[in-house]
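Down below is the structure, laid out as structure tokens.
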Amino acid sequence: MSAADSLVAPGPDPDDKAIEAALRPKNLDDFVGQKRVREQLSLVLEASRLRGRSADHVLLSGPPGLGKTTLSMIIAAEMNAPLRISSGPAIQHAGDLAAILSSLTEGEVLFLDEIHRMSRPAEEMLYMAMEDFRVDIIVGKGAGATAIPLELPPFTLVGATTRAGLLPGPLRDRFGFTGHLEFYSTDELELVLRRSAMLMDMKVNSAGFAEVAGRSRGTPRIANRLLRRVRDWALVHGIEQIDARSAGAALDMYEVDALGLDRLDRAVLTALITKFNGGPVGLSTLAIAVGEEPETVETVAEPYLVREGLLGRTPRGRIATRAAWEHLGLQMPENVAAAMPQNTFSGPGTNTSSAAADESAPET
């Protein structure tokens, strides 16, 4: 199963991109959540407008689905500037970046998604472009090569990354503003859902919003995706106003449970508990047990399971916590509980986990 096959996968679904675009807020006032980042960014943009200059370069980091792309669009709208969108994986050569930079107009906003995946030669070219608004174009090869300086108009670079630690220090230091986006609370997600429901002309009561928000993993992208599936279910079943019962029934049909776990999440926990007595077990072995690729288990299922305290990562492998046994309605044997590391998650919402254990330790 790919990430796009999961209803609660944080990545965008290609089929839903047009709908997501319609639901995106167009200005900072309509943007829900991320209060601190929103206030800081508003100050940066307002100061730039008062000076009559392009805004400082902006780096946005955080898990997928929290609004980095939306904020880049808002930055361009607030500065009344055109927006150019590209991504790190698409820029594999310095020439690719030079072609983009040389075509920018004054004040334009350049959004680079997954900027940490850009090639090293392009990164080094970007240093000079960000700081001096200049790039050197190399013409020729060997001893006859010549560097031709190319002046660039002032522009604003907005970089987005889900892995800020992979950005080299020199690149990170060249951003004038850095904002880290956090997962949303249930109350904030309800506000997101209310706005989306209004735009989609849906009738949902407060309990219905709370039900969808509670299963959305703290991520607006997932919340909007679940709301659309609830809308489909209600349309087919002839329900005009969606309440908690109908929203729950719809999401149960899509195998998204009360904690937001989907089929893959429960399969990982079930295999870990029933086949390996709660672990520890290596990632590759666990992936084989659920019939998925290790990368899928690690990137799609694990982050949320660890965050909710249902799964722990130790040097010896993955383990199921007491909360995971309880969520599946199973009783943890005393010998398993006694052998569990003391610093492992004991339940959802806690933050003392072995999730930061050494990932380089060998696993079988």
Side-chain angles (χ1 to χ4, degrees), residues 1-27 29-33 64-67 69-70 73 183-270 290 292 296 300-301 304-305 308 310 327-329 348:
M1 182 190 73
S2 68
D5 294 328
S6 173
L7 193 61
V8 292
D13 185 339
D15 294 335
D16 288 338
K17 280 187 175 181
I19 301 175
E20 285 186 1
L23 298 179
R24 292 185 193 274
K26 302 298 188 293
N27 54 64
D29 291 336
D30 291 339
F31 190 89
V32 177
L66 299 186
T69 302
T70 298
M73 296 178 177
F183 286 104
Y184 283 57
S185 67
T186 301
D187 290 341
E188 289 173 334
L189 286 177
E190 286 187 42
L191 293 177
V192 172
L193 290 170
R194 287 180 184 277
R195 178 180 180 277
S196 299
M198 181 182 66
L199 293 174
M200 291 191 290
D201 197 24
M202 291 177 61
K203 295 180 180 179
V204 187
N205 65 20
S206 297
F209 285 125
E211 185 70 23
V212 177
R215 304 191 188 204
S216 300
R217 298 174 175 249
T219 306
R221 177 181 293 157
I222 294 174
N224 283 328
R225 188 180 300 160
L226 295 183
L227 184 65
R228 292 196 295 272
R229 299 293 77 80
V230 170
R231 176 196 59 184
D232 295 344
W233 186 91
L235 180 64
V236 171
H237 287 80
I239 296 176
E240 292 188 3
Q241 173 141 337
I242 298 167
D243 56 14
R245 183 177 178 180
S246 55
L251 296 178
D252 286 342
M253 193 202 74
Y254 285 108
E255 299 183 282
V256 179
D257 69 19
L259 274 185
L261 274 59
D262 68 353
R263 181 203 64 80
L264 175 60
D265 300 320
R266 289 191 299 275
V268 168
L269 295 180
T270 301
V290 297
E292 298 288 352
T296 301
V300 178
Y304 186 67
L305 293 177
E308 287 298 297
L310 301 172
H327 183 68
L328 295 180

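All values derive from a computational prediction rather than experimental measurement. What's counted below: heavy atoms across the whole structure, side chains too, no hydrogens, waters or symmetry copies.
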Report task. With the side chain counted from C-beta on, respond yes when Ser216 and Glu190 share a heavy-atom pair under 4.5 Å apart, and no when they do not. Result -> no

Query raised in the report: Is there a donor-acceptor contact under 3.5 Å from the side chain of Arg266 to the main chain of Leu261?
Result: yes

Query raised in the report: Going through the distances and angles, do Arg263 and Glu292 end up as a salt bridge (Lys or Arg N to Asp or Glu O under 4.0 Å)?
Result: CA-CA 12 Å; Arg263 181 203 64 80; Glu292 298 288 352; 3.1 Å; yes

Query raised in the report: Which distance, rounded to the nearest 0.5 Å, do you find between the CZ of Arg215 and the CG of Leu189?
Result: 14.0 Å

Report summary line: Distance col, row Gln241:CD vs Met202:CE, nearest 0.5 angstrom, shows 10.5 Å

Query raised in the report: Do side-chain atoms of Tyr184 reach the backbone of Ala213 as a donor and acceptor pair under 3.5 angstrom?
Result: no

**Report entry** Pairwise side-chain contact, Ser246 with His237, heavy-atom cut-off 4.5 Å (strictly under)
**Finding:** no

Query raised in the report: Looking only at heavy atoms, what is the nearest atom pair of Thr186 and Gly214, with distance?
Result: CG2-N, 4.3 Å

Report task. Mind checking the CG-NE2 spacing from Asp265 to His327? Nearest 0.5 Å is all I need. Result -> 8.5 Å

Report task. State, with a plain yes or no, whether a side-chain heavy atom of Leu310 is found less than 4.5 Å away from one of Leu259. Result -> yes

Requested in this report: Report the C-alpha distance between Asn205 and Ile242 in whole Å, list the side-chain angles of each, state the deciding distance to 0.1 Å, and finish with yes or no for side-chain contact (heavy atoms from CB on, under 4.5 Å).
Outcome: CA-CA 6 Å; Asn205 65 20; Ile242 298 167; over 6 Å; no

Report task. Please report the shortest heavy-atom distance between Phe209 and Val204, naming the atom on each side. Result -> CE1-O, 3.3 Å

Query raised in the report: Is the shortest heavy-atom distance from the side chain of Leu227 to the side chain of Met200 under 4.5 Å?
Result: yes

Query raised in the report: What pair of heavy atoms forms the shortest contact from Leu66 to Pro220, and how long is it?
Result: CD2-CD, 3.8 Å

Report task. State whether the side chain of Arg217 and the backbone N or O of Tyr304 hold a donor-acceptor pair below 3.5 Å, judged by distance alone. Result -> no

Report task. Begin from the C-alpha positions of Asp252 and Arg245 and carry the test salt bridge (Lys or Arg N to Asp or Glu O under 4.0 Å) through to its verdict. Result -> CA-CA 10 Å; Asp252 286 342; Arg245 183 177 178 180; over 6 Å; no

Query raised in the report: Can you tell me if NZ on Lys26 sees more than 12 non-hydrogen neighbours from other groups inside 6.0 Å?
Result: yes

Query raised in the report: If you measure from CZ on Arg24 to CZ on Arg221, what distance do you get to the nearest 0.5 Å?
Result: 7.0 Å

Query raised in the report: What are the two closest non-hydrogen atoms of Trp233 and Ile239, and how far apart are they?
Result: CZ3-CD1, 3.3 Å

Requested in this report: Taking all heavy atoms of Val268 and all of Ala301, pick out the closest pair and write down the distance.
Outcome: CG2-CB, 4.3 Å

Report task. Supply the atom-to-atom distance Leu226 CG to Glu211 CD, rounded to the nearest 0.5 angstrom. Result -> 10.5 Å

Report summary line: Minimal heavy-atom distance between Thr219 and Gly65, with the atoms involved, is CG2-O, 3.3 Å

Query raised in the report: Going through the distances and angles, do Asn224 and Arg228 end up as a side-chain contact (heavy atoms from CB on, under 4.5 Å)?
Result: CA-CA 6 Å; Asn224 283 328; Arg228 292 196 295 272; 3.8 Å; yes

Report task. Determine yes or no for a side-chain-to-main-chain donor-acceptor pair under 3.5 angstrom, with Asp30 supplying the side chain and Asn27 the backbone. Result -> no

